[in-house]
Amino acid sequence: MLLILLAGVAAGALNAVGGGGSFVALAALVAAGMPPVTANATTTVALLPGNATSAWVYRRELEGFHRPSPARLTLASVLGGALGAGLLLVLPSASFDAAVPWLLAFATVVLAFGKRLTAALRLGRPGPAVILAGQFVLAIYGGYFGGAVGLMMLAFWTATTTLDPARGNPLRVVQVAAVYLTAAVIFVFAADVLSQPLHLVALLAGAVIGGYAGAHLVRRLPPTILRGLVLTTAVLMTGLFFVRAFG
């Protein structure tokens with residue numbers, strides 16, 4: 001329980017800083033013997049309060065879009081998160097088990113090369129409908145898996161709008177919380193996240209602590225160090241899940 005609590009603190013802090021917290025939380029729960037699908041659903045539920053706490057800390061620093069409006073962007077996140085959560089529950093668990101290493105690898109590539117990909121894929125300035133559609137697709141991914149979805153959002157916004165990644169971090173926290181919100185509600189009632197309540201409570205409590213502290217520490221620690229920690233965690237977790245799946 002102590003290790004899961006500490007994993008929750010690390011996950012909440014990482015999500016407040018720049019994303020990648022689900023790597024730590026998911027790995028900790030799977031290591032504790034929880035099935036991957038249940039662990040993924042539990043991670044989503046447990047990290048929601050931490051994201052909400054970070055969003056509260058950032059509440060005076062939000063900068064969003066004018067076209068589309070932040071409200072419409074949030075609606076796309078809510079709807080996409082619900083659809084992604086539904087897909088996780090409907091699709092066979094074996095398909096998720098097989099997909100996890102590849103999803104982690106994809107998220108790790110985004111973590112490592114997101115800025116370069118953004119620079120290479122400058123899409124001009126598409127209309128609000130294109131931005132909303134892209135946000136909806138990213139939210140589906142976030143509801144289904146969630147790894148590095150916040151970083152993918154930042155990369156997408158940077159490529160399609162004038163929003164600067166540094167100024168967009170508070171908005172990222174809010175949009176990830178919106179994705180987790182509907183997904184978490186669905187998982188609480190339709191998944192097995194309540195079957196191991198001590199794991200859930202330990203991870204949730206740690207994520208709240210980490211989310212609050214991380215949102216404050218992000219102003220003090222060098223971005224390169226923080227990004228390095230997230231990327232190192234992602235690479236390690238991806239390697240471990242590939243070994244677990246194919247070793």
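- Here OG1 of T43 is found 10.0 Å from CZ of F187. Values are rounded to the nearest 0.5 Å.
- Residue M34 shares its hydrophobic cluster (ILVMFWY side chains chained together at separations under 4.5 Å) with M1, I4, L29, L198, L203.
- The main-chain N or O of A139 is never found under 3.5 Å from a side-chain atom of S77 such that the two would form a donor-acceptor pair.
- Here CG of L200 is found 6.0 Å from OG1 of T42. Values are rounded to the nearest 0.5 Å.
- Of all heavy-atom pairs between V149 and G142, the closest is CG2-CA, 3.9 Å.
- Side-chain contact check for F96 versus L88: some heavy-atom pair is nearer than 4.5 Å.
- S22 and Y180 get closest at one heavy-atom pair: CB-OH, 4.4 Å.
- Remark: side-chain polar atoms of N40 are not paired, donor with acceptor, to backbone N or O of L26 under 3.5 angstrom.
- There is a path of hydrophobic side-chain contacts, each under 4.5 Å, that joins L89 to L91.
- Residue L204 shares its hydrophobic cluster (ILVMFWY side chains chained together at separations under 4.5 Å) with V208.
- At a threshold of 4.5 Å between side-chain heavy atoms, the hydrophobic network of Ile, Leu, Val, Met, Phe, Trp and Tyr places L83 and V188 in one connected group.
- Hydrophobic clustering places V37 together with I140 (ILVMFWY residues linked when any side-chain heavy atoms are closer than 4.5 Å, directly or through intermediates).
- The hydrophobic clustering, which links ILVMFWY residues whose side-chain heavy atoms are closer than 4.5 Å, places L103 and L87 together.
- Checked options L48, N51, L47; the residue passing with V176 is N51 (criterion: side chain to side chain contact (heavy atoms under 4.5 Å, CB included)).
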Start with the C-alpha distance between Y141 and V179, add both sets of side-chain angles, then the distance that settles side chain to side chain contact (heavy atoms under 4.5 Å, CB included), and finish with yes or no.
-> CA-CA 9 Å; Y141 168 84; V179 171; over 6 Å; no
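- Hydrophobic clustering of Ile, Leu, Val, Met, Phe, Trp and Tyr side chains at less than 4.5 Å, counting indirect connections, keeps L6 apart from Y212.
- Among all heavy-atom pairs drawn from P36 and V30, the shortest one is CA-CG2, 4.3 Å.
- What you find for F136 and A76 is that their closest heavy atoms are CD1-O, 3.7 Å.
- Interatomic distance, L194 CG to F189 CZ, rounded to the nearest 0.5 Å: 9.0 Å.
- The side chain to side chain donor-acceptor pair (under 3.5 Å) test applied to T38 returns no partner, not counting sequence neighbours.
- Atom CG of L138 sits about 9.0 Å away from atom CH2 of W157, to the nearest 0.5 Å.
- Across all their heavy atoms, A10 and V24 have their closest contact at CB-CG1, 4.2 Å.
- Taking all atoms of both residues into account, the shortest heavy-atom contact from A25 to A11 is CB-CB, 4.2 Å.
- Atom CG of L79 is separated from atom CD of Q135 by 11.5 Å, given to the nearest 0.5 angstrom.
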